[in-house]
Amino acid sequence: MRHTLPIAPQFYVTAPQPCPYLEGRMERKLFTALQGDNATALNDALSHQGFRRSQNVLYRPSCTDCKACLSARIDVSRFEPSKSQKRVLRRNAHLQRRATSPWATEDQFDLFRRYLDTRHADGGMADMDVFEFAAMIEETPIRSRVVEYTNGETQDLTAVSLTDMLHDGLSMVYSFFEPDLTRNSLGTFLILDHIAIAREAGLPYVYLGYWVPGSPKMGYKASFAGLEVFAGGHWQTMKKQSDFDAELHPLSTDPIAEQVANISLPDMRAPK
C-alpha cells in the first residue's frame with residue numbers, strides 16, 4: 001500500500017509556558033511544519049497572516065489569556081526616519097554590510113553568546129550551544145540570508161541579522177549585536193538598514209516579528225513611521241498604541257479550531 005503525506009499542512013498547539021513579555025501571563029503557540037516543495041509559498045502566505053519562521057517551523061501566538069502579540073511590519077513607502085533615528089544612522093555610518101548565504105561561523109556564535117549573556121541571560125535561548133546556533137542559522141527551506149555588519153576600521157563583527165526573503169519584503173527572523181555598544185542603538189540601526197535594503201530591492205515591507213502593547217522589551221518597534229500590525233485578521237496602520245489595548249483582554253482570543261479554519265492557505269497541489 002502506498003502512503004502519501006497530506007497536502008494541507010497540519011497545525012498543532014504547544015503546551016502553555018510563562019510569557020516572556022508580560023508578567024503573570026502564559027503563552028501558547030499555534031504551529032506547523034515548513035517543508036517540501038511548497039515551503040516558499042506556505043511561508044509567504046502564513047507570514048502575511050502573522051506567522052513567523054523558526055528553522056523548519058512556522059508559528060503564531062495562540063494564548064488563552066490574551067492576543068497581545070501582534071505581528072508587525074513597516075510599510076517602506078511611508079517610512080521617514082525621525083531625528084533620533086537619523087542620529088542612529090550617523091553613529092553607525094562606519095559599519096559595513098555584507099549579505100551571505102545562511103552559514104554559521106565561530107565569530108557569529110561568539111557575538112551571539114555575548115549578546116545573550118548580557119541581554120537575555122534568563123531567556124529561552126540562554127542555554128543554546130554552538131550546534132543549536134548552527135541549526136538556527138542554517139536549517140531553512142526557503143531563501144534566507146545572513147546579513148553581517150563589521151566595523152570598517154577594526155573589521156570586528158558588530159551585528160548580525162538572519163533575514164528571510166519574502167515575495168513582498170524582508171523578514172527579520174533573528175538579530176543580535178555587540179551588547180556593550182548601547183549608545184549605538186544597534187537594534188534600531190538593523191531595522192533602519194533593512195528598510196534601506198528593501199528600498200534598494202524594490203520590496204514594499206520589512207517584517208519585524210511581534211510587537212506587544214505593554215511590554216517594555218517591544219516598545220521600540222512602535223517608534224517607526226509606517227508601522228502596521230496584524231490584528232483582527234488584517235494589517236492595520238499603527239496610529240496609537242492604546243488602540244490595541246483590547247488585545248490584552250482574556251476574552252479576546254478565538255477558539256483554536258476557529259483560528260485554524262480562518263487561515264488562508266496557498267494552493268499546495270502539485271502541478272499536473
Side-chain angles (χ1 to χ4, degrees), residues 14-29 31 52-61 68-69 71-72 88 91-92 95-140 144-151 154-164 170-194 206-212 214-221 223:
T14 63
Q17 59 184 7
C19 175
Y21 303 118
L22 298 174
E23 187 175 355
R25 305 262 181 166
M26 300 295 288
E27 74 164 0
R28 187 179 64 174
K29 293 185 175 72
F31 69 96
R52 297 285 293 168
R53 183 182 73 83
S54 177
Q55 295 174 233
N56 298 316
V57 170
L58 289 171
Y59 69 91
R60 186 173 72 184
C69 295
S71 189
V88 170
R91 288 192 198 111
N92 294 285
L95 294 181
Q96 297 177 344
R97 178 210 306 157
R98 183 172 73 102
T100 69
S101 297
W103 187 256
T105 67
E106 290 184 11
D107 285 346
Q108 291 171 11
F109 181 68
D110 290 343
L111 178 60
F112 174 73
R113 283 297 346 156
R114 292 197 300 275
Y115 172 77
L116 283 186
D117 293 343
T118 302
R119 297 292 186 95
H120 303 286
D122 57 350
M125 302 172 75
D127 296 328
M128 186 177 286
D129 61 26
V130 66
F131 301 105
E132 293 167 322
F133 173 77
M136 180 182 76
I137 297 293
E138 298 173 8
E139 289 186 9
T140 171
S144 303
R145 294 290 183 270
V146 171
V147 187
E148 296 183 336
Y149 298 84
T150 55
N151 186 310
T154 65
Q155 299 305 306
D156 291 336
L157 184 63
T158 304
V160 176
S161 176
L162 175 61
T163 303
D164 286 348
L170 304 175
S171 177
M172 300 180 70
V173 176
Y174 192 78
S175 302
F176 53 96
F177 45 84
E178 188 59 63
D180 294 336
L181 299 177
T182 54
R183 185 175 178 274
N184 290 56
S185 303
L186 288 168
T188 295
F189 170 73
L190 289 175
I191 295 174
L192 293 171
D193 195 63
H194 274 68
V206 174
Y207 290 79
L208 303 181
Y210 293 108
W211 171 71
V212 185
S215 170
K217 292 181 180 180
M218 294 294 185
Y220 73 97
K221 294 181 181 180
S223 66

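Below, each value reflects all heavy atoms present in this structure, side chains not excepted, and no hydrogens, waters or symmetry copies.
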With a 4.5 Å limit on heavy-atom distance, are the side chains of Leu192 and Val88 in contact? yes
Parallel, tilted or perpendicular: which fits the ring planes of Tyr59 and Tyr210, with parallel below 30° and perpendicular above 60°? tilted
Please determine whether side-chain contact (heavy atoms from CB on, under 4.5 Å) holds for the pair Glu178 and Asp156, giving the CA-CA distance in whole Å, both sets of side-chain angles, and the decisive distance to 0.1 Å. CA-CA 10 Å; Glu178 188 59 63; Asp156 291 336; over 6 Å; no
Identify every side-chain donor-acceptor pair in residues 104-111 under 3.5 Å, counting partners at least two apart or on other chains, and give the distances.
residue : atom : partner : partner atom : Å
Thr105  : OG1  : Gln108  : N            : 3.1
Gln108  : OE1  : Thr105  : N            : 3.4
Gln108  : NE2  : Trp103  : O            : 3.4
Gln108  : NE2  : Glu148  : OE2          : 2.8

Looking at residues at least two apart in the chain, or sitting in another chain, which of them share a side-chain contact (heavy atoms from CB on, under 4.5 Å) with Arg145? Arg143
Taking the side chain as every heavy atom from C-beta outward, state whether Thr140 and Gln55 have any atom pair closer than 4.5 Å. no
Would you call the rings of Phe112 and Tyr174 parallel, tilted or perpendicular, taking 30° and 60° as the class edges? perpendicular
Under 3.5 Å, is there a donor-acceptor pair linking the side chains of Asn151 and Thr158? no
For the pair Arg183 and Leu181, evaluate side-chain contact (heavy atoms from CB on, under 4.5 Å) and give the outcome as yes or no after the intermediate values. CA-CA 6 Å; Arg183 185 175 178 274; Leu181 299 177; over 6 Å; no
Please step through side-chain contact (heavy atoms from CB on, under 4.5 Å) for the pair Val146 and Val160, ending with a clear verdict. CA-CA 7 Å; Val146 171; Val160 176; 3.7 Å; yes
Whether over 12 other heavy atoms sit under 6.0 Å from Arg98 CZ: no
Which value, rounded to the nearest 0.5 Å, describes the distance between Leu170 atom CG and Ser144 atom OG? 11.0 Å
Check: Tyr149/Asp193 side-chain N/O donor and acceptor closer than 3.5 Å: yes
Are Glu27 and Pro20 packed together at the side-chain level, in the sense that at least one heavy-atom pair is separated by less than 4.5 angstrom? yes
Intermediate values then yes/no, side-chain contact (heavy atoms from CB on, under 4.5 Å), Val206 and Met172: CA-CA 7 Å; Val206 174; Met172 300 180 70; 4.0 Å; yes
Between Asp127 and Glu132, the two heavy atoms sitting closest are O-OE1, 3.7 Å
Do Gln96 and Gln155 have side chains that get closer than 4.5 Å, going by heavy atoms? yes
Of all heavy-atom pairs between Lys221 and Gly209, which one has the smallest distance, and what is that distance? NZ-C, 3.9 Å
Between the main-chain N or O of Met128 and the side-chain N or O of Arg113, is there a donor-acceptor pair closer than 3.5 Å? yes
Between OG of Ser185 and OH of Tyr220, what distance do you get to the nearest 0.5 Å? 11.5 Å
Spacing of Leu208 atom CG and Leu190 atom CG [to the nearest 0.5 Å]: 11.0 Å
What I want to check is whether the side chains of Arg52 and Ser171 have a donor and an acceptor closer together than 3.5 Å. yes
Ring centre gap for Phe189 and Phe177 strictly below 6.0 Å: no
Over 12 non-hydrogen atoms of neighbours within 6.0 angstrom of OH in Tyr21: no
Under a 4.5 Å cut-off applied to non-hydrogen side-chain atoms, are Cys19 and Met26 in contact? no
Go through the structure and list residues passing side-chain contact (heavy atoms from CB on, under 4.5 Å) with Thr14, not counting sequence neighbours. Arg28, Lys29, Phe31
To the nearest 0.5 Å, atom CG of Asp164 lies from atom OH of Tyr207 at 12.0 Å
Is a side-chain donor-acceptor pair under 3.5 Å present for Asn92 with Asn184? yes
Between atom OG of Ser71 and atom CZ of Arg60, what is the distance when rounded to the nearest 0.5 Å? 9.5 Å
Find the distance between OG (Ser101) and CD1 (Ile137) and round it off to the nearest 0.5 Å. 12.5 Å
